[in-house]
Amino acid sequence: MRYTKFFIPTLREVPSEAEAASHKFLLKAGYIRQLAAGLYIFLPLSWRVLNRINKILIEEMEAINAQEITMPILHPAEIWQTTGRWYEIKEEMFRLNDRGGREMCLGMTHEEIMTWLASREIRSYRELPQIWYQIQTKLRDEARPKSGILRTREFLMKDSYSFDMDVEGLDISYNLHAEAYHKIFKRCGLRFYQVESDPGMMGGACAHEYMAPSPAGEDDIAICANCGYIANVEIAQSFAQPVEYIESEMEELFTPDKRSIEEVAAFLNINPSCLIKSLLLVSSTYGYILALLRGDQELHDKKLTKIIGQFRIASKDEVISFLGVEPGFIGPIDFKGRIISDNALNEGVYVTGANKLNYHIKGVKPNINFTAEWHDIHIAKAGDYCPKCKSELKIEKAIEIGNIFKLGTKYSIPLNAVYLDGKGVEKPMIMGSYGIGPARIAAAVVEQNYDEEGIKWPKSIAPFDIQILPLNMSDKQTVELSEMLYKNISEIYNSLTDRNMDVLLDDRNVRPGVKFKDADLIGIPIQIIIGERSLKNNYIEVKKRLTQEVFKISLERAEASIVKIYYETE
RNA sequence: CGGGGCGUAGCGCAGCUUGGUUAGCGCACCUGCCUUGGGCGCAGGGGGUCGGAGGUUCGAAUCCUCUCGCCCCGACCA
């Protein structure tokens, strides 16, 4: 491809709204443009990247006998009503009416529609298992689109769905996907983890996410370097580090106006971990509940929801009316109701609110001075101990680039996706669903591979393999050599890749500095620099964008040298 | 949805507090000359309903009201 025939609108300055590195560079290097919040135009360069990613997706999906299909984006409401998600999902779903007033929605995912198809078309165990997938647009009215193409309202997704006879079959389909996903992310040049995750609204028993570590990520993952335990903080278990506690008899302490953990700890000159954090909650099923955490811990809402169901923090007035004291001085002693306490408090001696204005109590011993139900209800944090091997956990930010869910019968039962087994017994299909966002992969790759000059694509998904930079378009020898290399390298067939090299020839009549800057910005893995200075000495230069290494290669057999350097590149 | 910030040329910004000729600067863009190893140089030029609507005023980019949009933090995230 000739640069002058290809649309690459690079910018000198980045629009001020861009914050994340991938957002900045993809805008600056002319890959994307924003239409509105969470809506992006993919320009020729980024479309090439996406197509390369999609090609990898297709190859790896076909390798596990998944079959590509495509489904409508516009869905009738009835199917979503049948599974209940029409009602469970709130503003995230784009809804509309057709001309006849029929309720419709735009597809945010395709469990319903895929299951609808399976329910109509699959009759017998002889037709199972099936894995169907598509690469297709999803629409979600995100509360807060952000970070360029990392979180958008309309995005491409490779989503696949497996239908099996039984859970053993599901395990096989699930594991096939896990293996395929590992290969996909590896081929795309990503550093990633597979982590345990919360099945959430997808339902089902088991789920994993694929996480690309990056400061731009929205998720926190807990990692144990010792035993390999790794989980999204949304579900990560952990043990709080044990701390020293001060043995003492129970005694009221005057703590005037000291309400928060920090204030009390500072006032008493003790560590926050010596305090009990007491939170009065209101649960629709259990009424008032007291949740206890160690002073250095935070409540994990989802963990507690699993134990007591939906709840909310009691208001100040509710605290006063139920306990007769303001928040800031409440504690578990003589509490009339259910007490859920984090495991960290199971032993030790603590300071806690005295249920009396301006007083705390020291010397409080759990299981002696109060009783509680013991659970892990805290947010895992760096330094906590691994739930499996008790080594220290670290916390890393990461971008979710894919996920896999065991759905079981969550969709097949309501939508009546059943088959007859070998004995003629009707059974629900056992399902799984599996998603990957190609644009997220691209963005995550950029987040993991850039420097101050621009993007550094791995060659597997770069928009081009090689960029040729003739530095002076007025110099005859420069132009002739560039044209020759452009033609020859483009056509070199290599059985290792079953495709020709994609070469971008920067044939613009601009100064060398512009070409260098744009080339580094765009981030094609190999640059071939052709300038008069080196031609005088019978060589040209080949630069690897990843490492910025420059190789001087002889004009003799230059193509072979270039191809060799290309294959040695990541 | 809560909190914060920002809307002036394609991009980056100044001007607004304290209203007053024709709204400015840099980059980009167009023309010509020049130059060719890290976003050259010189000269000339085009491009703006100052996000929108209403109001105050002799006069509004500037003050007031409403509204739309975008970004960031949080909540949410199938």
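Computation of the quantities below employed the complete heavy-atom set of this structure, encompassing side-chain atoms and omitting hydrogens, waters and symmetry-equivalent molecules. On a predicted model such as this, the values are computed, not experimentally measured, just so you know. Lettering of chains follows the sequences in order, A, B, ..., and the numbering in each one begins at 1.
Note on E112(A): nothing from the nucleic acid sits closer than 4.0 angstrom, heavy atoms only. Using a 4.0 Å heavy-atom cutoff across all strands shown, E218(A) reaches no nucleic acid atom at all. Heavy atoms of A36(A) sit under 4.0 angstrom from primed sugar atoms or phosphate atoms, though from no base atom. Within the 4.0 angstrom heavy-atom criterion, no nucleotide atom of any strand lies near K90(A). Looking at heavy-atom distances under 4.0 Å, K543(A) makes contact with a base. A143(A) comes within 4.0 angstrom of a nucleotide base, judged by non-hydrogen atoms across all strands. Among the protein residues, T83(A) comes within range of no part of the nucleic acid, since none of its heavy atoms lies under 4.0 Å from any strand. Looking at heavy-atom distances under 4.0 Å, S474(A) makes contact with a base.
Base pairing annotation: G2(B) forms a Watson-Crick or G-U wobble pair with C73(B), both donor-acceptor distances under 3.5 Å. Applying the Watson-Crick and G-U wobble criteria (two distances, each under 3.5 Å), C40(B) pairs with nothing in any strand. Remark: U57(B) base-pairs with no nucleotide in the shown strands. Criterion, Watson-Crick or G-U wobble with two distances under 3.5 Å. Shown here, C66(B) forms a base pair with G52(B); the pair counts as Watson-Crick or G-U wobble because both key distances fall under 3.5 Å. Across all strands shown, U17(B) remains unpaired; no Watson-Crick or G-U wobble contact has both distances below 3.5 Å. With a 3.5 Å ceiling on both atom-pair distances, the Watson-Crick or G-U wobble partner of C11(B) is G26(B).
Set against U36(B), G12(B), G39(B), the side chain of P15(A) has G12(B) as its closest nucleotide. With G12(B), C76(B), G38(B) as the candidates, the nucleotide lying closest to the side chain of E92(A) is C76(B). Minimum atom distance to the side chain of R511(A) is reached by U36(B), of the listed G39(B), C13(B), U36(B). Closest contact between the side chain of K146(A) and the listed nucleotides C72(B), G37(B), C71(B) involves C72(B). Out of C11(B), G39(B), C72(B), the shortest distance to the side chain of L521(A) is found at G39(B). Checking G37(B), C71(B), G12(B) against every side-chain atom of S16(A), the shortest atom distance belongs to G12(B). Between U36(B), C70(B), G38(B), one nucleotide has an atom nearer to the side chain of E453(A) than all others, and that is G38(B).
Between the side chain of E17(A) and the base of G7(B) there is no donor-acceptor pair of N/O atoms closer than 3.5 Å. The base of G38(B) sits with one of its N or O atoms less than 3.5 Å from a complementary donor or acceptor on the side chain of D520(A).
Comparing G55(B) with U62(B), their P atoms are spaced 14 Å from each other, to the whole Å. The same atom, C1', is picked in G51(B) and in U57(B); the two are 23 Å apart, to the nearest Å. Rounded to the nearest Å, the gap between the C1' atom of U8(B) and that of G52(B) is 14 Å. Spacing between G4(B) and A9(B) at atom P, rounded to whole Å, works out to 27 Å. Between the P atoms of C50(B) and G32(B), the separation comes to 34 Å (whole Å). One P atom belongs to C34(B), the other to A14(B), and the distance between them is 39 Å to the nearest Å. Taking the P atoms as reference points, G54(B) lies 15 Å from G59(B), given to the whole Å. Nucleotides C71(B) and G41(B) place their P atoms 35 Å apart, quoted to the nearest Å.
The separation between N509(A) atom CG and C33(B) atom P is 13 Å, rounded to whole Å. Remark: C1' of G37(B) and CG of D518(A) are 15 Å apart, rounded to the nearest angstrom. Protein atom CZ of R33(A) is 9 Å distant from nucleotide atom P of C11(B), rounded to whole Å. Regarding K552(A), its NZ atom lies at a distance of 16 Å from the P atom of G37(B), rounded to whole Å. Rounding to whole angstrom units, NZ of residue K28(A) and P of C11(B) are separated by 16 Å. Nucleotide C70(B) holds its C1' atom 12 Å from the CZ atom of R144(A), rounded to whole Å. Nucleotide C6(B) holds its P atom 19 Å from the CD atom of Q34(A), rounded to whole Å. For Q467(A) and G37(B), the CD to P distance is 18 Å, given to the nearest whole Å.
In this structure, K138(A) fails the cation-pi test against F155(A), since its NZ or CZ atom is not both closer than 6.0 Å to the six-membered ring centre and inside 45 degrees of the ring normal.
Residues satisfying the ring pair (Phe, Tyr, Trp, His ring centres under 6.0 Å) criterion with W132(A), sequence neighbours excluded, are F163(A). Shown here are the side chain to side chain donor-acceptor pair (under 3.5 Å) partners of K544(A), two or more places apart in sequence or in another chain: there are none. The side chain to side chain contact (heavy atoms under 4.5 Å, CB included) search around D475(A) returns N472(A), Q477(A), T478(A), E532(A), L535(A), not counting sequence neighbours.
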With 3.5 Å as the limit, what N/O pairs link the protein to nucleotides 26-28 of chain B?
residue, atom, partner, partner atom, Å
G26(B), N2, E13(A), OE1, 2.9
A28(B), OP1, R12(A), NH1, 3.3

Distances under 3.5 Å between nitrogen or oxygen atoms of protein and nucleotides 42-53 of chain B:
none

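The pair E483(A)-R2(A) meets the salt-bridge criterion, since a charged nitrogen lies less than 4.0 angstrom from a carboxylate oxygen. Comment: K303(A) engages D376(A) in a salt bridge, judged by a side-chain N to carboxylate O separation of less than 4.0 angstrom. Salt bridge status for K277(A) with D296(A): absent, with no side-chain N to carboxylate O gap under 4.0 Å. Between K146(A) and E19(A) there is no salt bridge, since no side-chain N of the basic residue sits under 4.0 Å from a carboxylate O of the acidic one. A salt bridge is defined here as a Lys NZ or Arg NE, NH1 or NH2 lying under 4.0 Å from an Asp or Glu carboxylate O, and E13(A) with K28(A) fails to meet this definition.
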Verdict with supporting geometry, I79(A) and I113(A), side chain to side chain contact (heavy atoms under 4.5 Å, CB included): CA-CA 7 Å; I79(A) 302 176; I113(A) 312 303; 4.0 Å; yes
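E112(A) and T83(A) share a side-chain donor-acceptor pair at under 3.5 Å.
Using a 4.5 Å heavy-atom cutoff, the side chains of L280(A) and P327(A) are not in contact. Residues C206(A) and F405(A) are not in side-chain contact: their nearest non-hydrogen atoms beyond the backbone lie 4.5 Å or more apart.
Both K517(A) and S147(A) lie near RNA chain B, and the one whose nearest nucleotide falls closer to the 5' end is K517(A). Mapping L471(A) and G38(A) onto RNA chain B by nearest heavy atom places L471(A) at the nucleotide closer to the 5' end.
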Please output the side-chain donor-acceptor pairs of residues 305-313 of chain A that fall under 3.5 Å, not counting sequence neighbours, one pair per line with the distance.
residue, atom, partner, partner atom, Å
T305(A), OG1, D301(A), O, 2.7
R312(A), NH1, E318(A), OE1, 3.1
R312(A), NH2, E318(A), OE2, 3.0

